[in-house]
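Atoms within a ligand are numbered from 1 in the order they appear, just like the ligands themselves.
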Amino acid sequence: MPPISLNRRAILALGGALVLFLMLSGAITNHVRPDIVRNHIPDSWKSTSKLPPPQQDPLLEPPKEEPPHENPNQEEIFPLAKAGKIPKINPKNIVKDNNLKTPLLIGFTRNWYLLEQAVVSYLAAGWPSSELIVIDNSGVMDSNLRGLLTPKNPWYLNHTRLTQLGVSVKRTPTLLSFAQLQNFFINYAIEQDWDYYFWSHMDVVVISNEWEEEENYKGLYEKAVDVLRKTLDERRNWALKLFAYDWLTLVNVEAMKDVGAWDTQIPYYMTDCDMYARLAMRNWTQDSVDAGFVYDVASHLKDLAVLFPDEGHESELNTTRFNDLKKKLQFMMEEKQKNTGGRNYWQARQDGGKGEPFWRNPKGFERGINFWIDKGRELFRLKWNYSDCDLVQKGYKYGEEWTRE
Ligand SMILES: *[C@@H]1O[C@H](CO)[C@@H](O)[C@H](O)[C@H]1NC(C)=O
Ligand SMILES: *[C@@H]1O[C@H](CO)[C@@H](O)[C@H](O)[C@H]1NC(C)=O
Ligand SMILES: *[C@@H]1O[C@H](CO)[C@@H](O)[C@H](O)[C@H]1NC(C)=O
Ligand SMILES: *[C@@H]1O[C@H](CO)[C@@H](O)[C@H](O)[C@H]1NC(C)=O
């Protein structure tokens with residue numbers, strides 16, 4: 001699946017200082033940055049710059065030893081799970097006495113390794129496995145469930161592993177575009193009778209903020225629950241709570257319904273601009289919030305065990321392991337952003353599996369997606385008679401779409 005968060009133009013809408021900051025930090029590359037509509041960025045974002053904390057770290061020297069992540073032929077990145085010995089998480093990350101539901105949906109189209117890494121990082125940060133749902137949008141019907149694909153196939157996903165981790169899998173009926181997948185999330189929430197849900201990109205790694213003073217420490221999951229509780233208590237007109245752009249997002253189902261959900265005729269880029277602008281036009285808020293470190297990566301760690309505390313030292317915080325891991329993730333994020341092949345090159349790297357059920361030529365798949373990305377931009381322009389994300393600032397009003405030619 002192409003990136004879910006999108007668009008360099010959109011970030012320009014964030015305003016000069018922020019853009020300058022991002023440029024300096026190397027964060028604007030290629031064509032992709034997540035976005036927010038400027039008028040509806042809360043003051044707290046503007047003044048304290050609630051950017052993803054990792055981006056505020058200085059650029060790092062590449063690690064001197066071997067690269068932190070995979071070799072291309074590596075097929076097992078979590079040997080402990082394979083051996084049936086999933087490590088224990090830090091007990092401080094476990095939230096007791098929470099009566100709020102916290103469903104977290106993670107959409108999957110390509111690259112099992114990144115997906116597994118994201119899922120395992122949420123588990124290690126305390127997210128209960130029973131609340132994690134992988135939305136299998138690989139478009140290979142029941143082939144993954146039946147174990148018919150091999151790990152070199154881009155659409156391979158190991159159902160058994162997810163089940164072993166306690167994570168459930170829900171399949172989309174066929175391959176959906178980004179906008180369709182978002183609407184699938186909304187519809188799924190309606191079916192489940194959820195008023196809200198979390199969704200996350202699959203190309204992220206989360207870790208709790210162990211840099212906090214120990215007495216104030218809360219794991220990433222606990223902080224996310226705090227944000228949720230506060231949001232529900234405030235009873236405001238909220239649409240989205242954005243943890244590090246939209247890499248992790250809390251969504252209000254009522255707001256999604258109010259604006260008629262995502263426009264599936266704009267399948268990828270610009271569909272976020274369209275959606276977030278329509279929400280803003282209806283006065284639904286989109287605030288940025290914080291729960292810990294979220295990294296946007298295109299590669300995976302060699303062994304996911306490093307996301308867990310060492311055996312026998314489970315409740316220690318801010319260990320050498322943690323600080324090394326944090327550095328690695330920071331490096332991996334910078335590497336993704338600098339990569340000349342594009343931030344999304346990871347999506348085209350697994351290229352085996354020819355002849356397996358529903359196999360598609362990965363390069364062709366990529367080209368096809370790029371085609372629809374372009375068409376989506378074109379449609380956005382037709383819809384608004386305007387081609388940028390700052391619709392709200394430019395005075396466009398709700399209901400004015402398709403009224404100008
Ligand atoms: C999928 O995961 C299961 C459970 O961890 C493991 O036994 C199996 O070897 C994995 N399959 C592949 C092809 O790696
Ligand atoms: C955590 O570890 C880092 C690196 O060792 C250190 O700079 C920092 O002061 C520590 N923070 C706390 C709260 O212990
Ligand atoms: C949104 O807020 C503005 C300013 O308070 C108000 O004029 C407008 O009517 C509101 N729009 C909607 C759809 O509620
Ligand atoms: C559409 O956009 C063009 C170019 O900005 C502008 O000249 C034209 O007036 C717009 N049409 C309407 C109906 O607003």
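For atom 7 (O) of ligand 1, the closest heavy atom belonging to the protein is Lys82 CG, 4.5 Å. The nearest protein atom to atom 9 (O) of ligand 4, hydrogens excluded, is given as Asn385 ND2, 4.8 Å; this is a heavy-atom distance. Nearest to atom 13 (C) of ligand 4 among the protein's heavy atoms is Arg404 CB, 3.5 Å. From the protein, the heavy atom lying nearest to atom 4 (C) of ligand 1 is Gln164 OE1, 3.2 Å. Scanning all protein heavy atoms for the shortest distance to atom 14 (O) of ligand 1 gives Tyr156 OH, 3.6 Å.
If you check each of Thr150, Leu80, Asn158 against atom 3 (C) of ligand 1, the one with the closest non-hydrogen atom is Asn158.
Ionic pairing of Lys152 and Glu75 is present here: one or more N-O contacts between side-chain nitrogen and carboxylate oxygen are shorter than 4.0 angstrom. Residues Glu378 and Lys375 are paired through a salt bridge, judged by an N-O separation under 4.0 Å between the basic side chain and the carboxylate. Ion pair Lys170/Asp136 not flagged as a salt bridge, since none of the NZ, NE, NH1 or NH2 atoms sits closer than 4.0 Å to an Asp/Glu carboxylate oxygen. Using a cutoff of 4.0 Å between basic side-chain nitrogens and carboxylate oxygens, Asp263 and Arg278 are not scored as salt-bridged.
Per-atom contact check: atom 11 (N) of ligand 4 touches the protein, criterion being a heavy-atom distance below 4.0 Å. The presence of a protein heavy atom under 4.0 Å from atom 1 (C) of ligand 3 is confirmed.
Between Arg171 and Phe184 the shortest heavy-atom distance is O-CZ, 3.9 Å.
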- Query: Between Phe198 and Thr102, does a side chain to side chain contact (heavy atoms under 4.5 Å, CB included) hold up when you go through it step by step?
  - Reply: CA-CA 7 Å; Phe198 293 85; Thr102 52; 4.1 Å; yes

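Between the OH atom of Tyr386 and the OH atom of Tyr396 there is a distance of 6.5 Å, given to the nearest 0.5 Å.
Looking at Arg161 against ligand 1, both its backbone and its side chain come within 4.0 Å, counting heavy atoms.
Below 3.5 Å of separation, one finds an N or O of Asn283 facing an N or O of ligand 3.
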